[in-house]
Amino acid sequence: MSLKQLTHAILALSALGVAASASAQTHQMPAGMTHEEHQKQMAKDAELAKRGADAMGFDQALTTHHFILAADGGSIEVTVKNASDTTNLDAIRTHLKEIAGQFAAGDFGKPLMTHGEAPDGVAAMVANKSAISYGFESLPTGGRVRLRTTDAAALDAVHKFLQYQIREHKTGDSLKPGI
């Protein structure tokens, strides 16, 4: 191979690498969304991840959130993506234990800090705090906060809170109990 051919081959491979890198970094724009709306959504998602890491004490990209609605309330579950990630595993368990206690006391400061607004249902959860129980459960790769109530107003508030979390964190979890 001549020097000229080698140079062309290197340039071609470099161009392919740049194109592949640019392609990997672009996000698919959702149907029906303008470029400007998509840019705003990506910025909002980045802000949520940063505020979440600050409020929760663990890396959002290395963990998975799930919000599950149940007939008697629901649950907040957070797990590490890598089972050997003990740093984030410990931070998840610490955070979930803390929020179980804080929520029981009517303190929803961490969700407010994470989202930059009070999530749906919070005002009614605070007003009905004595009707809701919050219990921490350890999971093999994370933890869970179980929210339980027999009060109709409190149940509606818990479901609104969890549905808000599902939408904001884009978890894909069901917006209905037991599905």
Side-chain angles (χ1 to χ4, degrees), residues 30-32 41 44-179:
Q41 185 61 53
K44 181 181 177 186
D45 292 346
E47 291 169 14
L48 176 67
K50 182 184 180 331
R51 288 191 311 261
D54 291 344
M56 296 179 223
F58 52 84
D59 189 327
Q60 305 298 288
L62 300 176
T63 59
T64 302
H65 283 74
H66 286 288
F67 303 92
I68 311 300
L69 280 72
D72 66 345
S75 61
I76 301 165
E77 297 180 8
V78 185
T79 56
V80 291
K81 291 180 179 177
N82 179 343
S84 65
D85 181 359
T86 57
T87 300
N88 282 305
L89 176 62
D90 292 343
I92 287 168
R93 290 178 177 156
T94 298
H95 168 70
L96 292 178
K97 287 175 190 174
E98 286 174 357
I99 66 163
Q102 290 169 348
F103 287 8
D107 177 358
F108 287 82
K110 298 247 176 154
L112 176 62
M113 182 179 170
T114 299
H115 296 283
E117 65 183 9
D120 296 345
V122 165
M125 289 171 75
V126 171
N128 294 289
K129 71 179 180 179
S130 63
I132 306 169
S133 69
Y134 301 90
F136 170 78
E137 302 169 7
S138 185
L139 300 173
T141 58
R144 169 188 305 134
V145 174
R146 188 70 170 87
L147 297 75
R148 290 188 170 95
T149 186
T150 57
D151 180 87
L155 180 62
D156 183 59
V158 166
H159 284 173
K160 285 180 179 173
F161 176 78
L162 295 172
Q163 290 163 340
Y164 172 92
Q165 299 291 344
I166 291 166
R167 288 189 303 273
E168 287 294 302
H169 289 279
K170 297 178 177 66
T171 64
D173 296 317
S174 175
L175 296 170
K176 298 182 184 213
I179 296 174

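Heads up: numbering here begins at 1 and tracks the sequence.
Of the inter-residue distances, the one linking I166 atom CD1 with K176 atom NZ reads 12.0 Å to the nearest 0.5 angstrom. One distance of note links CG of D156 with NZ of K160; it measures 4.0 Å at 0.5 Å rounding. To the nearest 0.5 angstrom, E98 atom CD is 4.5 Å from K110 atom NZ. A distance of 10.0 Å separates OG in S84 from CG in L89, rounded to the nearest 0.5 Å.
When all heavy atoms are compared, the tightest approach of L69 to S174 is CD1-O, 3.7 Å. Taking both residues in full, the closest heavy atoms of R93 and G142 are given as NE-O, 3.0 Å, listed atom of the first, atom of the second, then distance. Listed here is the closest heavy atom pair of R146 and A70: NH2-CB, 4.0 Å. A154 and I132 get closest at one heavy-atom pair: CB-CG1, 3.7 Å. Closest approach of E77 to S75, counting heavy atoms only: OE2-OG, 3.5 Å. The nearest pair of heavy atoms linking A71 to L155 is O-CD2, 3.5 Å.
At a threshold of 4.5 Å between non-hydrogen side-chain atoms, the residues Q165 and H65 do not count as touching. Residues T149 and M125 have side chains not in contact (no heavy-atom distance under 4.5 Å, counting atoms from C-beta outward). Side-chain atoms of L147 and I76, non-hydrogen and from C-beta on, do get closer than 4.5 Å to each other. Within the 4.5 Å cutoff, the side chain of I68 has heavy atoms near those of the D173 side chain. Between Y164 and P111, the closest side-chain pair of non-hydrogen atoms is not below 4.5 Å.
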Practice task
Would you please test D120 and Q163 for side-chain contact (heavy atoms from CB on, under 4.5 Å) and show each step?
Solution key: CA-CA 8 Å; D120 296 345; Q163 290 163 340; over 6 Å; no
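With hydrogens and angles disregarded, no donor-acceptor distance shorter than 3.5 Å links the side chain of K81 to the backbone of L62. In terms of modelled atom types and a separation under 3.5 Å, the side chain of D59 and the main chain of N88 share no donor-acceptor contact. Looking at R144, its side chain never comes within 3.5 Å of a backbone N or O of F136 through a donor-acceptor pair. With hydrogens and angles disregarded, no donor-acceptor distance shorter than 3.5 Å links the side chain of R148 to the backbone of G74.
Considering T79, T63, V78, D85 as possible partners of T141, the one that fulfils the side chain to side chain contact (heavy atoms under 4.5 Å, CB included) test is T79.
Under the 30°/60° scheme for interplanar angles, the aromatic rings of F103 and Y134 are found to stand perpendicular.
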